[in-house]
Structure formats: structure tokens, C-alpha cells
Student: 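I'd like to ask some things about the structure below.
Indexing begins at 1, ligand by ligand and atom by atom, following the structure's order.
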Amino acid sequence: MIDRKVNRRSVLRLTAAGAGVVVASRYGVGAVFAQVPPLEEKDTYTIGFAQTGLNNPWRLAESKSMQDEAARLGYTLVETNANEDTAKQIADVASLIAQGVDILIFPPRESQALAPSVVQAKEAGIPVILIDRDVDHEIAKPGEDYVTFIGSDFVDQGRRAAEWLVEATGGEAKIIQLEGTTGADPAIDRKQGFEDYLAGTFKGTPTPAGAHSGMEIIASQTGSFTRDQGRSVMQTLLQSNPDVTAVYAHNDEMAVGAIAALEEAGRTPGEDVIVVSIDGENAALDAILDGTLGASVESSPFFGPIAFETMAKYIAGEDIPDWVLVEDRFFDESNAGEFQGKQF
Ligand code: AHR
């Protein structure tokens with residue numbers, strides 16, 4: 001879990017003193033950045049946007065949101081696609097730094113692996129805003145190495161999924177957990193929030209009454225946030241865990257894949273296996289309305305407006321918190337019809 005309870009970011013400052021690394025940067029050889037590099041006011045900007053992949057509706061919606069907002073503002077968005085390959089995303093960020101973009105705004109695929117890339121951007125004099133996923137704060141710190149993290153509280157998303165599942169199953173369930181991409185911030189935190197809530201050790205609000213001892217996680221495996229893997233992993237886990245009565249998927253795509261696997265195996269999702277997930281995509285709302293998915297905690301991909309608004313505040317020298325929290329809604333049978341077809 002990334003500890004986001006860090007101090008508020010310091011005022012940005014370009015300084016030749018203090019901690020920093022001497023590098024060849026857009027401010028010249030020898031520039032040293034003790035703080036996040038500044039971004040001067042200009043008529044237009046070139047933004048480096050290193051996307052993790054474009055293999056699901058969530059990623060496509062996020063890219064479109066960034067493209068639309070950049071176009072609206074008349075800015076140039078240089079987008080790369082790492083095809084869900086962490087090494088490729090590291091190389092993409094290095095390439096965007098070498099191209100001399102004005103700022104990097106991107107979701108780091110894995111929290112530890114991409115943290116050095118954030119530091120490299122700082123050393124090159126390029127400010128970074130992280131959207132949707134964060135990096136490991138032991139390696140790169142918001143307000144010091146990068147401007148801020150804009151995104152959801154993933155731990156709380158896991159807690160909300162667990163709370164709903166306890167209620168829906170009467171506190172008795174044998175659960176299969178389908179985890180997101182290994183090493184990704186949302187996968188780590190969604191697992192922790194869910195498991196801590198069930199164990200009665202959740203730290204936050206609301207404080208759980210105690211352990212939910214009837215809720216047993218019988219298997220937990222990554223499905224890499226994809227529908228195909230959600231389906232194939234579920235097929236495999238069903239063989240060894242035929243007593244499953246609930247599924248918690250870290251995103252909707254894996255839940256939709258798991259529902260297909262359950263149906264192929266002659267199970268009835270929504271009746272003998274209760275499914276809960278995260279994101280709130282259109283396919284999930286459809287599944288809620290047909291009764292196969294119980295609920296989905298929202299995790300919005302529409303980062304364009306808030307990312308560029310934060311960038312404008314940074315240019316203006318406003319104080320920006322280390323974490324710009326995105327509030328999430330909750331979708332279940334009571335409101336899925338209202339949002340059906342309006343998500344992504
Ligand atoms: O980082 C956010 C997660 O990444 C979304 O929940 C998931 O669907 C996406 O792949």
C-alpha cells in the first residue's frame with residue numbers, strides 16, 4: 001500500500017542548492033532540482049502521455065478523455081501505448097523525456113517499476129502529474145519528485161466491495177478473488193481494503209465492527225485486469241474450488257469474464273455465486289441489470305478535465321495537495337438503469 005498521508009507539497013522552487021542531482025536538463029547542464037521543476041506560462045504546451053495499454057474500455061475512455069481535453073485547450077498530446085508491458089512504458093517515458101515534452105501526465109503501470117522514471121523526469125527538468133495510478137513513495141515522493149497523484153482511494157474501493165458482499169451474502173461466503181495487474185497500485189490496494197475489512201483490521205472510516213469470520217477467501221489469483229484472463233483464471237480456479245459462492249474481481253472486465261466462466265460451468269451468477277467488482281463500466285451496468293453482477297464500485301477513467309485543471313493550477317503557482325482525490329459512486333440494482341450506456 002502506498003502511504004499517501006504525506007505532508008502537503010512544498011512551494012515549487014528551482015534552486016541551485018539543496019538535495020538534487022546534477023543533470024543535463026532543459027534548464028541546462030548543471031541545473032539541480034530540489035523540488036518539482038516549474039512549468040512556465042506559455043500559449044500552448046506539449047504533454048507526454050504514456051498510456052499503459054489500450055486493451056479495455058477503461059483505458060480507451062481514459063485516453064479519449066485526455067485527447068479531448070488537450071484538443072479543447074489547443075495543446076499537443078504525445079501519446080504512447082505500452083501494450084501492458086512495463087518495460088515498454090519505462091522506455092516510452094524515457095523517449096518522451098528525450099523529446100523534451102513540457103510536462104508528463106501518465107498512469108504508471110506498476111508502482112515500483114515506474115517510480116525511477118518519475119525521478120528521471122524531474123532530473124531532466126520535466127514536471128510529472130500522475131493520474132489513475134501512483135508510484136511507490138519510498139522511491140518518488142509527491143510534492144517533491146512529482147506534482148501530485150490524481151486518483152481514487154483504491155483501499156476504500158476494496159472496503160466498499162467487501163462491505164456490500166458481507167451484506168449480500170449474509171456474512172457467509174467462500175470467495176474467489178481475481179486480482180488486477182501484479183505490482184499495480186490499484187491491485188495492491190483493492191486487495192488490502194477488501195481483506196482488511198473482512199479481517200476486521202481496516203484502518204479508516206468506517207471502522208468495521210470486527211472480523212467477518214464467515215467470509216473465507218478460498219483462492220486469490222491475478223487476472224491482470226483483462227476479461228480474457230478473468231475468464232480463464234476463473235475456469236481454472238473453479239475446478240479446484242467448486243464450493244465457491246462469491247467472486248470479488250478487482251475490475252469489471254475480469255468480473256464479466258468470470259461470469260462467462262461460471263455460466264459455462266453450469267453455475268448461476270447472481271444466485272449461487274454472488275459477484276462484485278470495481279469500475280462501473282457499461283458492460284457491468286448491463287450485468288447488474290440482468291442480475292449476474294451484484295454491484296460495482298466506481299473508478300472513473302475520465303481524467304482529462306481534472307488533469308489539465310491541475311496542470312493550470314501548477315503553472316499559476318497554486319498550492320496543490322499531494323493527492324487530488326477522485327470521489328467514486330457506487331452502482332447496484334437501485335441505480336444501474338439510470339447510468340446504463342452513459343459510462344464507458
Ligand atoms: O488503474 C485503474 C484500473 O486500471 C482500472 O480499474 C482497471 O480497469 C484498469 O485497467
Side-chain angles (χ1 to χ4, degrees), residues 1-2 4 49-66 81-86 88-89 105-115 129-136 149-161 177-194 222-231 233 247-259 275-287 293 295-304 306-307 323-331 343-344:
M1 178 198 179
I2 292 168
R4 296 203 178 87
F49 174 50
Q51 180 57 286
T52 63
L54 290 168
N55 63 340
N56 68 42
W58 201 100
R59 292 280 142 213
L60 292 168
E62 183 182 50
S63 279
K64 184 170 185 319
S65 178
M66 289 292 291
N81 174 5
N83 291 313
E84 294 303 331
D85 176 342
T86 297
K88 166 90 165 63
Q89 193 185 31
I105 305 179
F106 73 101
R109 185 170 187 272
E110 290 182 50
S111 65
Q112 287 190 356
L114 266 299
I129 292 175
L130 296 179
I131 54 169
D132 123 42
R133 294 186 189 179
D134 204 353
V135 291
D136 188 333
F149 164 65
I150 307 174
S152 297
D153 184 338
F154 301 128
V155 177
D156 199 55
Q157 290 175 343
R159 192 272 304 167
R160 294 173 81 188
Q177 177 173 217
L178 294 174
E179 301 177 23
T181 302
T182 304
D185 179 24
I188 296 164
D189 286 1
R190 288 171 184 170
K191 178 178 165 73
Q192 186 188 333
F194 184 83
T222 183
S224 299
F225 280 137
T226 70
R227 190 181 294 205
D228 283 354
Q229 285 192 56
R231 183 175 182 162
V233 170
V247 172
Y248 165 47
H250 287 189
N251 78 343
D252 290 340
E253 283 294 288
M254 292 190 295
V256 171
I259 286 167
V275 185
V276 64
S277 63
I278 294 170
D279 272 355
E281 65 177 37
N282 283 322
L285 299 181
D286 292 346
L293 179 66
S296 181
V297 184
E298 183 181 39
S299 196
S300 172
F302 301 118
F303 283 96
I306 193 167
W323 181 9
V324 178
L325 178 65
V326 174
E327 304 278 356
D328 300 313
R329 295 171 292 187
F330 189 88
F331 303 113
Q343 289 287 97
F344 50 93

Student: When you check the gap from the basic side-chain N to the acidic O, do Asp132 and Arg59 get nearer than 4.0 Å?
Tutor: yes

Student: With sequence neighbours left out, write down each residue that passes side chain to side chain donor-acceptor pair (under 3.5 Å) with Asp252, or none if nothing qualifies.
Tutor: Ser277, Ser296

Student: Determine the minimum heavy-atom distance between Ala61 and Phe344, stating which atoms define it.
Tutor: CB-CB, 3.6 Å

Student: Glu110: what forms a side chain to side chain donor-acceptor pair (under 3.5 Å) with it, not counting sequence neighbours?
Tutor: Thr86

Student: In order of chain and number, which residues sit within 4.0 Å of ligand 1 by heavy atom?
Tutor: Asn56, Trp58, Arg59, Asp132, Arg133, Pro186, Arg190, Phe225, Asn251, Asp279

Student: Applying salt bridge (Lys or Arg N to Asp or Glu O under 4.0 Å), name anything that partners Asp328, two or more places apart in sequence or on another chain.
Tutor: none

Student: Between atom CZ of Arg109 and atom CG of Asp185, what is the distance when rounded to the nearest 0.5 Å?
Tutor: 13.5 Å

